[in-house]
Every structure is written in structure tokens, then in C-alpha cells.
Amino acid sequence: MHPLRTLILAAGANDAVRRLVATAPVSRDVVRRFVAGESTDDVVAVTARLVDDGLSVSLDYLGEDTSDELVAEQNVQAYLRLLDRLHTDGLSAHAEASVKLSSIGQALDERLALDNASRIAAAAEQCGTTITLDMEDHSTTDSTLRVLAELRRTWPWVGAVLQAYLRRTLDDCVALAGSGSRVRLCKGAYAEPASVAFAHPHEVDLSYVRCANALLAGRGYPMFATHDPRLVAVIAERALWYGRKPGSYEYQMLYGIRPDEQRRLVNSGEAVRVYVPYGEQWYGYLMRRLAERPANTAFFLRSLAGRS
């Protein structure tokens, strides 16, 4: 693992660093590059701008590892409010919700997480949109896939997320590449042991391409989450090889990262979805994004120092 990535992930768990970042005068301006805001109004306004630019959106209400049933319910209510606003503002056709099961009770009880996810999926259906279940650290993978399978009994359009750095993921891609299956493939941003995850970036890239091939060869709808120019080019070439037309798959990128590339792809006829996080619990998300691409750290540190 990149030594800077290790340091950033450690900072993500350090309360003293969190307080420093949260109280620094320019922190919120920096965070705004990667996070759409803290309220439903904030994120709906950002969504409308992105949709006007021809982009689709997946919205994540930040929060995870919830160990309080009341907090889990508050997170569910936040998603229900969001979906209602998307419908009211005419954005449902272009914006869905991304849901972390750990934010809605998975650590307390898998059944609770399933019930809460079912409420969100039912609301999404009523509002004319979809949801995708985010994937978290490897210890929750089997649980998340079990919940996914149950949800798909009623809502077959519920999206899955698979992480290329896990050694198991190629098999999961093959299993989830069936007709109509929506699968987001990402590299992965959690610190994982070498026993379950590839450690070297080149190994992760090779795994990503193998998994992309499996998804493109299937009959589902692959969603390729990457900012890596090499992988973007490889996906375009492999999609052509498998006879995939634009619109039968999509690229996904994070809000605030490579926005010019997002628009370039849209202008070339590709489907592009932007993953947009919002909410008060932005610190852990920001640390993982910096760890995923340590080059982002230079921007962040310059901003904290008042130089950008």
C-alpha cells in the first residue's frame, strides 16, 4: 500500500486530525469540491446543475458504521426526503440513491438493514428512480450480497457494487453479470489485508480489466467507476470488442474529480454518472477519497494553508 495512503487512512480514524480539519477556516471551501453540501437543498441544487450538463447522478447521504437504531432511522428518513425532492423537482429520471447498508443498521442486524433498504427501494420505485447498494470493507461483502439478492426478488434493478482490489471479485462479477443486472465496478478504497485484497496498484488494475471483461461479456448493465485515463481507454476498447454500444454501459466518476473528463465523455456520446456525496458526516468520506488518489492531498493541503 502507498505509504501516503496508509497515513491518510490513519488520519481518517484520528479524532484530533478530524477536529483540526473540521475547524480550519478554509476547510469547508475545500470540502465543497468533493461534497455537495450538508442538506437536501444543497445536493438537489448540485444535481440539477449536473443533469443540465447531460450527466446522470448517484447520491450518497454520508454516514456509515451506525451502531444506533435511531441514527439508522434518521438516515433512512434522509433518503426518503431526498427521493421525494428528486421526484418533485423532476430529476428522478437522471438521479438515483447510493446506500451504504452500514448506515441503515447492518452492524446491528442484517434483517434491519434489509427492511430499511426495502423502504428506500420502494420509495425509489414510487419516485421513478433506482438505488445502488454501496460496498464497504471486505467483512461486510457477503452480508451486502445477501441483502442485494433479497432486494432483487422485488426490485431487480437494485444496483450492486464490486471492488476490483478484492481477490474474490472476478467470481462475483461472473455471478452478477446476468440480464438486467446493474453492477458498479470500482477499485476499492478501504484498507484491506493482503489475504483478501491485491496490494500493488498494477495488480488492482489487472483485476479491474479482468472484471470489466466479465461484466461486458454478460447481459447486465456495467457501470465503470474510475478516473484512471488508461482504464477509461481500455473500457472503451473492450466495449467495442464485445459489441457494446454507448448507453449499454456507463462510466462513473466522483463529484469534483476530473469534471472536464466527465463532460468530454458525455460530449462523445458516452453515458456518465457522477457519484455525489452530501451530509454532515463528510470527514471519513474525504479521507478515503484522498487515500484513493494521494495526489488529491496536495490540493487539500495547499488549500488548508491558504495557498489555493
What verdict does the side-chain contact (heavy atoms from CB on, under 4.5 Å) test give for His94 and Val57, after you've listed the backbone C-alpha separation in whole Å, the side-chain angles of each residue and the deciding distance to 0.1 Å? CA-CA 6 Å; His94 304 285; Val57 180; over 6 Å; no
Under the rule for salt bridge (Lys or Arg N to Asp or Glu O under 4.0 Å), what residues qualify as partners of Asp142, not counting sequence neighbours?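 For Asp142 the salt bridge (Lys or Arg N to Asp or Glu O under 4.0 Å) partners, ignoring immediate neighbours, are Arg168.
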Using salt bridge (Lys or Arg N to Asp or Glu O under 4.0 Å) as the criterion, list what pairs up with Asp41, not counting sequence neighbours.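 Asp41: salt bridge (Lys or Arg N to Asp or Glu O under 4.0 Å) contacts with Arg85.
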So do the side chains of [X] and [Y] get within less than 4.5 Å of each other, counting heavy atoms only?
X      : Y      : answer
Glu96  : Arg273 : yes
Asp60  : Asp134 : yes
Tyr251 : Val232 : yes
Val196 : Pro193 : yes
Leu185 : Val161 : no
Trp157 : Arg152 : no
Cys127 : Leu83  : yes
Gln262 : Val274 : yes

Would you check if the side chain of [X] reaches a backbone N or O of [Y] as a donor-acceptor pair within less than 3.5 Å?
X      : Y      : value
Ser39  : Asp42  : yes
His227 : Leu254 : yes
Asp52  : Arg49  : no
Thr226 : Leu231 : no

Flag the pair [X] and [Y] as a salt bridge only when some basic side-chain nitrogen lies within less than 4.0 angstrom of an acidic carboxylate oxygen.
X      : Y      : result
Asp109 : Arg111 : no
Arg184 : Glu250 : no
Arg167 : Glu192 : no
Lys187 : Asp205 : yes

Spatial distance of atom [atom1] ([X]) from atom [atom2] ([Y]) [nearest 0.5 Å]:
X      : Y      : atom1 : atom2 : answer
Leu148 : Thr141 : CG    : OG1   : 12.0 Å
Thr66  : Glu73  : OG1   : CD    : 11.5 Å
Tyr242 : Ser248 : OH    : OG    : 13.5 Å
Tyr255 : Leu55  : OH    : CG    : 11.5 Å
Thr47  : Leu82  : OG1   : CG    : 7.0 Å
Tyr249 : Arg238 : OH    : CZ    : 12.5 Å

Proximity of Tyr278 and Tyr61 rings by center, below 6.0 Å: yes
Can you hop from [X] to [Y] via hydrophobic side chains spaced under 4.5 Å?
X      : Y      : answer
Ile235 : Leu170 : no
Leu166 : Val147 : no
Leu151 : Leu162 : yes
Met253 : Leu59  : yes
Tyr79  : Leu62  : no

Considering the options Cys186, Cys173, Pro222, which one meets the side-chain contact (heavy atoms from CB on, under 4.5 Å) requirement together with Cys211?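 In the set Cys186, Cys173, Pro222, the residue that makes a side-chain contact (heavy atoms from CB on, under 4.5 Å) with Cys211 is Cys173.
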Go through Arg264 and Asn267 one step at a time and tell me if the side-chain hydrogen bond (donor to acceptor under 3.5 Å, both in side chains) criterion holds. CA-CA 5 Å; Arg264 183 194 71 79; Asn267 291 337; over 6 Å; no
Determine whether Ser118 and Asp115 satisfy the following criterion, side-chain hydrogen bond (donor to acceptor under 3.5 Å, both in side chains), listing intermediate values before the conclusion. CA-CA 5 Å; Ser118 296; Asp115 290 344; 5.3 Å; no
Could you report the tightest heavy-atom contact between [X] and [Y], atom names first, then the distance?
X      : Y      : value
Ala72  : Gly105 : CB-N, 3.8 Å
Ile104 : Ala117 : CD1-N, 3.6 Å
Ala123 : Leu80  : CB-CD2, 3.6 Å
Leu112 : Leu108 : CD2-CD1, 4.0 Å
Pro246 : Glu270 : CB-OE1, 3.9 Å
Ile131 : Arg182 : O-NH1, 3.3 Å

Assess, by modelled atom type and distance only, whether the side chains of Ser139 and Asp137 contain a donor and an acceptor separated by less than 3.5 Å. yes
Ignoring hydrogens and geometry beyond distance, is a side-chain donor-acceptor pair present between Ser58 and Ser98 at under 3.5 Å?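 Ser98 and Ser58 do have a side-chain donor-acceptor pair below 3.5 Å.
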Take a 6.0 Å sphere around CD of Gln77 and say whether it holds more than 12 heavy atoms from other residues, nucleotides or ligands. yes
Whether over 12 other heavy atoms sit under 6.0 Å from Arg210 CZ: yes
Give the C-alpha distance, both sets of side-chain angles, the deciding distance and a yes or no for side-chain hydrogen bond (donor to acceptor under 3.5 Å, both in side chains) between Ser102 and Glu136. CA-CA 8 Å; Ser102 76; Glu136 303 179 65; 2.6 Å; yes
Verdict with reasoning, Glu203 to Leu206, per side-chain contact (heavy atoms from CB on, under 4.5 Å): CA-CA 5 Å; Glu203 291 180 303; Leu206 290 176; 5.8 Å; no
How are the rings of Tyr208 and Phe224 set to each other: parallel, tilted or perpendicular (split at 30° and 60°)?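 Because their plane-to-plane angle lies in the 30° to 60° range, the rings of Tyr208 and Phe224 count as tilted.
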Go through it in stages, so that I can follow the logic: the residues are Leu101 and Asn116, the test is side-chain contact (heavy atoms from CB on, under 4.5 Å), and I'd like the CA-CA distance, side-chain angles, deciding distance and then a yes or no. CA-CA 9 Å; Leu101 291 180; Asn116 284 338; over 6 Å; no
Can you list the steps and then say if Gln106 with Glu110 is a side-chain hydrogen bond (donor to acceptor under 3.5 Å, both in side chains)? CA-CA 5 Å; Gln106 186 179 36; Glu110 186 176 303; 5.8 Å; no
Go through the steps for Arg258 and Arg263 under the test side-chain contact (heavy atoms from CB on, under 4.5 Å), then give the verdict. CA-CA 9 Å; Arg258 302 197 72 202; Arg263 288 163 178 80; over 6 Å; no
